[in-house]
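Indexing begins at 1, ligand by ligand and atom by atom, following the structure's order. Computation of the quantities below employed the complete heavy-atom set of this structure, encompassing side-chain atoms and omitting hydrogens, waters and symmetry-equivalent molecules. Since we're looking at a predicted model, the values are computed, not measured.
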Amino acid sequence: METAELWKKYQEKMFVISSYDLVISTTYFDADTIAPIKGADYRNDRLAYLYGEVFSLQTDPELLELLEKLNSAEDLDDEKKRIVKWHLEDFNKMRYIPKELYVEYSQVQLEANDVWKKAKSENNYKLFEPYLFRLIELTKKTLEYRQTDLKGYNILLDDYEPGMNIEKYDRFFGLIKERLIPLIRRISKAEKIDTAFVYDYYPVEQQRKFMKEILDYMHYDFDAGVLAETEHPFSNAISKYDSRITTHYYENNLMSSVFSVVHEAGHATYNNQVRDDLAETFVFSNMSSGMHESQSRLMENYLARTSAFWDNLFPKVKELFPEQLKDVDQKKFVRAANASECSLIRTDADELTYPLHILIRYEIEKGIFDGSIDLNSLENIWNEKYEEYLGIRPSCSSEGILQDVHWAGGMFGYFPTYALGSGYAAQFMHAMRKDLDVDQLMRDNKFTVIKDWLREHIHQYGGLYLPEEQIRIATGEEFNPEYYVDYLTEKYTSLYFPE
Ligand code: ZN
């Protein structure tokens, strides 16, 4: 068969897989936004079945044959070669896992997700604990079937961030510990920034209007996305042309929805800006977690927490909440958006203390998979680590070990990419600021120019390149976490200890 014909056949198979994916991800989005809880069992049983069907398609020997033929075809262009290479690697991750185990795992994930919601709202870790144990056990079992040179937790780390491993993460978090913990200690003794107005009463209806203003300012494409409401904000790339975001409104916290919306819009922008001819290929959705997170953090922290970002939006927020913000000017607003204080909830953490929340989860996961942690004392270990690194201790499970959904989804190895993404973003920003006057562009209401830079240097490729390659393409350098700790050190030193 000619190469062009092989490629066509391969695309046909991808079309079938993506049809199932469309149904699964739409249902998943639905389940986490508007679907009623009583329909959960019915929904989950069918979803687990669909996961099984997709598993069969993804591990179909005919697909493997096509991929192998394409992989050895000499006349395939370079980009297609890469697409095939990444797909083959992905195929090899799945191919030795028994389908029954995969379906069982999916089923437990779905149940665990529902039980976690209940356990969190009832503040009852014991309810969730057996599901967590089961997921850990099944994850370990799945790892036994993987044929790779990597071992244990390193397999999981590499799945979410190709090229990363314990050794590299230890170095990354080591730098964070060494450079940021002393600064955080100093700030905790410094004069506090006044944030009281943030926790005033902000009616949800008005917040909804404000989110629309923010997303319009960022040129979020409402014809290719939607903003919905959920318990735990997330984004969902159904396709390039349907990249959805969610938020959670708290009546007594204005900043929470603001920054979660900007964050998720950062993810959606990445998906929306993948090149058209790559949008229906394997690399549309195989960006690494760290790369994806770098794009959401870049918008959330490196852009939306600057004063320039608010030049156009501050008058609007004042207009929507005249009473609440009557004594607040833009300077005070932006200072409050950057205030740093050790807190218990990761998703509400400020930019500076955030990586410590990730460090805690990373150390716990490492201990789970190397067997150095007794699973029965997980909650206690969690609390101890918060005390050690952040100087505060959760008083209940819902603000401690139950706060995040990730483990309920079996996503072990994922958390570290959150901190890594912030690290990547610092380096991307450094490169972008060499090319553009970013602050002036935001003041001039030209957010699209910033998005164009991101498209040209990063987004257009989707997951065509490995993170390390993508960083080199966009910045001309290897990944260097010093940019991240330098940025945080400079920013927070001048915020809390102005000369
Ligand atoms: Zn994110």
Between the side chains of [X] and [Y], is a donor N or O closer than 3.5 angstrom to an acceptor N or O?
{"X": "Asn124", "Y": "Lys118", "value": "no"}
{"X": "Glu161", "Y": "Ser288", "value": "yes"}
{"X": "His459", "Y": "Gln295", "value": "yes"}

(message) Listing by chain and number, which protein N, O or S atoms are under 2.8 Å from the Zn ion (ligand 1)?
(response) His263 NE2, His267 NE2, Glu293 OE1
(request) Using a 4.5 Å cut-off on heavy atoms from C-beta on, say whether the side chain of Glu341 contacts that of Thr353. (result) no
(request) Give a yes or no on whether a salt bridge exists between Arg472 and Glu469, defined as a side-chain N under 4.0 angstrom from a carboxylate O. (result) no
(message) Salt bridge check, Glu264 against Arg244: does any charged N sit closer than 4.0 Å to a carboxylate O?
(response) no
